[in-house]
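Inspection log for the structure reproduced underneath, given as structure tokens.
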Amino acid sequence: MGIEQGPRATLAFTLNCAAFALAVSAVTTSYWCEGTRKVAKPFCTGPVKVKQTYCIRFNSSDINNTRLVQYIYETGEEKFLMRKFHTGIWFSCEQAVDLVGFTCREFLEITPDHERGVLWLCIVGECLYISLLFTGGMLMAVEMCHCCNMMNRLKLNAFAALFTALSGLFGMVANMMFTTAFQLAVIMGPEDWKPKTWDYSWSYLLAWASFATCMASAVTALNHYTKTIIQFKFKRRNIEKNLRIKQKLLELDIPEGLWDVYLTSDSDPAELHIDLPVNGIKPLCSPVPTALDSQGEEYC
């Protein structure tokens, strides 16, 4: 029986590469969460060229006049502005005052001081996840190159499955730590950042898709290793069984022509009713199968 390894090894390597690409895309983008912030409109400055909806304008140079501000509130003019923002592991970006472009700052500065350890766990976990995932992929690539013997390739496959599964655990922990860090920032973060509405975005989905693909790669690699080991044990058991039978035939001084009956038969040797000589005397009747067996006959 041949040792089949191509399809499973290729599938495991492909899943590993997909998980690595998804992880890098998620970590290097800042769209893990996005939403809106409700901020008060500033007073418009400068000459009037076009209608500006992101600020409040009135015909007076005295912007500190509380009566004018009270008039704006009483007339029902929209006083607040909804600014979009998006956040990742590294940066949090918010729309500029004029709603053109984004201004970014480090997410670590937004996280509460006493909760920054959670974000650091997320960063370290993501780095370990990508590193171990890359290591597992390299081991799978070396195994597929057939640059070493079968036993060494099995060892490489086992280590590749181990590194890939371990990286998946780090990835899961890192994703959970970011979820915790962001929710803590929403509750206890600075007032000039707290969002009004927010939800998880596509980078967050890429991170969890990478984790799922990584675990699928680990399971496939482990399945390939287990199946190969089982095949080796089956071949070894058959070889040992054939050697024991051959040794027994040699001890009984059986003609060489009968060896093939045992060594090439697909059935269990215990099921073959061949009468062996006892004390050098051959029995009178021998149910050795011939072509007549197909018709249900035996000969003596």
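The figures that follow rest on heavy atoms only: side chains count, while hydrogens, waters and symmetry mates do not. In this text, all values refer to a predicted model and were calculated from it rather than measured experimentally. Starting from 1, each residue takes its place in the sequence as its number.
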How far apart are the closest heavy atoms of A221 and M140, and which atoms are they?
CB-CE, 3.9 Å
What heavy-atom pair brings Y129 and C214 nearest, and what distance separates the two atoms?
OH-CB, 3.7 Å
Check for a donor-acceptor pair, side chain of H86 on one end and backbone N or O of S30 on the other, with a separation under 3.5 Å.
yes
Here the salt bridge (Lys or Arg N to Asp or Glu O under 4.0 Å) pairs for residues 14-36, sequence neighbours left out, are none
Measure the shortest side-chain to side-chain distance between M188 and H114 over non-hydrogen atoms and say whether it is less than 4.5 angstrom.
yes
Is it true that L121 and V173 fall in one hydrophobic cluster, defined by side-chain heavy atoms closer than 4.5 Å?
yes
Could you grab the distance from atom CD of E143 to atom CG of L154, nearest 0.5 Å is fine?
7.5 Å
Nearest-0.5 Å distance that lies between atom NZ in K155 and atom CG in N157:
13.0 Å
Establish whether M177 and F107 are linked, either directly or via other cluster members, by ILVMFWY side-chain heavy-atom contacts under 4.5 Å.
no
Intermediate values then yes/no, side-chain contact (heavy atoms from CB on, under 4.5 Å), N175 and W32:
CA-CA 10 Å; N175 295 343; W32 287 60; 3.7 Å; yes
From S203 atom OG to W208 atom CH2, the distance as rounded to the nearest 0.5 Å
15.0 Å
Tell me, with the steps shown, if T164 and S217 meet side chain to side chain donor-acceptor pair (under 3.5 Å).
CA-CA 7 Å; T164 306; S217 174; 4.7 Å; no
Do the side chains of F20 and V27 join up, straight or via other hydrophobic residues, at under 4.5 Å, putting them in one cluster?
yes
Please say yes or no: joined through hydrophobic side-chain contacts below 4.5 Å, possibly via intermediate residues, are L133 and L222 part of one cluster?
no
Using modelled atom types only, decide if a donor and an acceptor are shared between the side chain of K194 and the backbone of I187 within a distance under 3.5 Å.
yes
Can you tell me how far the CG atom of N16 sits from the CG atom of L11, to the nearest 0.5 Å?
11.0 Å
Does W193 use its side chain to pair, donor to acceptor, with the backbone of T111 at less than 3.5 Å?
no
At their closest point, which heavy atom of L132 faces which heavy atom of S167, and how far apart are they?
CB-CB, 3.4 Å
According to the interplanar angle, ranging from 0 to 90°, do the rings of W198 and F182 count as parallel (below 30°), tilted (30 to 60°) or perpendicular (above 60°)?
perpendicular
Between T213 and A18, the two heavy atoms sitting closest are CG2-CB, 4.0 Å
For side-chain contact (heavy atoms from CB on, under 4.5 Å), just list the numbers for L108 and L119, CA-CA rounded to whole Å, side-chain angles, deciding distance to a tenth of an Å, and then say yes or no.
CA-CA 7 Å; L108 194 62; L119 185 59; 3.5 Å; yes
Rounded to the nearest 0.5 Å, what separation is found between the OG1 atom of T135 and the CG atom of L162?
11.0 Å
Please determine whether residues Y200 and F211 belong to a single hydrophobic cluster, defined as Ile, Leu, Val, Met, Phe, Trp and Tyr linked transitively by side-chain heavy-atom distances below 4.5 Å.
yes
Check whether S210 reaches the backbone of L206 with its side chain - one donor and one acceptor, N or O, closer than 3.5 Å.
no
Should the heavy atoms of other residues, nucleotides or ligands under 6.0 Å from CE of M138 be counted, would the total exceed 12?
no
Does S201 use its side chain to pair, donor to acceptor, with the backbone of C33 at less than 3.5 Å?
no
Would the distance check show the side chain of E94 and the main-chain N or O of F85 forming a donor-acceptor pair, the cut-off being under 3.5 Å?
no
Listed once per pair and sorted, the ring pair (Phe, Tyr, Trp, His ring centres under 6.0 Å) pairs that draw on residues 152-176, sequence neighbours left out
none
Should we count CZ of F102 as having more than 12 external heavy atoms under 6.0 Å?
yes
Check the pair R105, F91 against side-chain contact (heavy atoms from CB on, under 4.5 Å), reporting the backbone distance first and the verdict last.
CA-CA 6 Å; R105 52 179 171 170; F91 298 101; over 6 Å; no
Side-chain contact test, heavy atoms from C-beta onward, threshold under 4.5 Å: evaluate it for E126 versus I123 and give yes or no.
no
On a heavy-atom basis, the closest approach of I89 and C122 is CD1-SG, 4.0 Å
Heavy-atom closest contact (S92 atom, T87 atom, distance)
OG-OG1, 3.1 Å
CG of L139 to CE of M144: how many Å apart, nearest 0.5 Å?
13.0 Å
